[in-house]
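Keep in mind the model is a prediction, meaning the values are calculated, not measured. All values below were derived from every heavy atom in this structure, side-chain atoms included, with hydrogens, water molecules and symmetry-related copies excluded.
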Amino acid sequence: MSSHDLDAWMWADAVKRLERAEGLQRRFFRPAGPRPPRQWEPPVDIFETDEAVWVVIALPGVSSSRLTELEVRGDELLVAGERPVPAPDARAALHRLEIPHGRFERRVVLPWPRLALAGHELVDGCLYLTLHKR
């Protein structure tokens, strides 16, 4: 093997290893998506009448300004937002944290086709949704 062939082989091998390293880096060090992952899912109750579907979602401690998504996409209901950790006093020491906090997201597949979000109300820690049947 001539020195020129050896140099070409070494360069080709080095380029192949660099491409593999870059692929691994892209695979493991992806930038975060457009929104952080959900940290908890609120419980949901669903009721049906002849005219509508009523959804109740337990969101204690969540204000309406903290709801970031509320929509019906096809046969799926999506509700997302955030519940911050309450800070009664900046000097308070945390001893127990059992109530879920952070970003929440709840997706519910609805067995009724073609529902339209007709209204919503956040009262006493529950989000009440009215979905009219079309």
Walk me through it: do K133 and E48 pass the test salt bridge (Lys or Arg N to Asp or Glu O under 4.0 Å)?
CA-CA 10 Å; K133 296 177 179 179; E48 179 185 13; 2.4 Å; yes
Are any side-chain N or O atoms of T68 and backbone N or O atoms of A80, one a donor and one an acceptor, separated by less than 3.5 Å?
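Side chain of T68 to backbone of A80, a donor-acceptor pair under 3.5 Å: yes, one is there.
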Applying the 4.5 Å side-chain criterion to the ILVMFWY set and letting contacts propagate, would L67 and L78 be lumped into a single cluster?
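No: no chain of side-chain contacts under 4.5 Å links L67 to L78.
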Hphob cluster co-occupancy, W54 + L70, side-chain heavy atoms under 4.5 angstrom
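No, it is not one cluster - the side chains of W54 and L70 are not joined through contacts under 4.5 Å.
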For a 4.5 angstrom cut-off between non-hydrogen side-chain atoms, does V55 reach D45?
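SC-SC contact between V55 and D45 ruled out.
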Should we say atom CD1 of I99 is surrounded by more than 12 heavy atoms from elsewhere, each under 6.0 Å from it?
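Atom CD1 in I99 is not crowded, with 12 or fewer foreign heavy atoms closer than 6.0 Å.
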Can you list everything that forms a ring pair (Phe, Tyr, Trp, His ring centres under 6.0 Å) with W40? Sequence neighbours excluded, please.
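Residues passing ring pair (Phe, Tyr, Trp, His ring centres under 6.0 Å) with W40: F104.
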List the residues meeting salt bridge (charged side-chain N to carboxylate O under 4.0 Å, His left out) with D50, not counting sequence neighbours, and say none if there are none.
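Listed in chain order: nothing, the list is empty.
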Table please: side-chain donor-acceptor pairs of residues 56-65 below 3.5 Å, with sequence neighbours left out.
unit_1	atom_1	unit_2	atom_2	d
S63	OG	S65	OG	2.9

Find the distance between CZ (R107) and CG (L77) and round it off to the nearest 0.5 Å.
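One finds 10.0 Å between CZ of R107 and CG of L77.
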Holding to side-chain hydrogen bond (donor to acceptor under 3.5 Å, both in side chains), I want the full list of residues that pass it with E71, two or more places apart in sequence or in another chain.
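side-chain hydrogen bond (donor to acceptor under 3.5 Å, both in side chains) check on E71 returns R73.
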Under the side chain to side chain contact (heavy atoms under 4.5 Å, CB included) criterion, do V79 and L129 qualify, and how do the steps go?
CA-CA 10 Å; V79 177; L129 304 174; 4.2 Å; yes
Restricting to pairs with a member in residues 112-124, which pass salt bridge (Lys or Arg N to Asp or Glu O under 4.0 Å), not counting sequence neighbours?
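Qualifying pairs, neighbours excluded: none.
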What residue pairs, at least two apart or across chains, pass ring pair (Phe, Tyr, Trp, His ring centres under 6.0 Å) with a residue in residues 110-134?
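Not a single pair qualifies under ring pair (Phe, Tyr, Trp, His ring centres under 6.0 Å).
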Which residue pairs pass the side chain to side chain donor-acceptor pair (under 3.5 Å) test when at least one of the two sits in residues 80-101, sequence neighbours left out?
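Checked against side chain to side chain donor-acceptor pair (under 3.5 Å) - neighbours excluded - the pairs reaching residues 80-101 are D89-R91, R96-E98.
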Could you pull out the closest heavy-atom pair between R66 and P84, with the gap in Å?
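The answer is NH2-CG, 3.8 Å.
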L115 versus V72, closest heavy-atom pair with distance
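For L115 and V72, the tightest heavy-atom pair comes out as O-CG1, 3.8 Å.
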For Q39, check side-chain contact (heavy atoms from CB on, under 4.5 Å) against everything at least two apart and list the hits.
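With sequence neighbours excluded, Q39 shows a side-chain contact (heavy atoms from CB on, under 4.5 Å) to no residue whatsoever.
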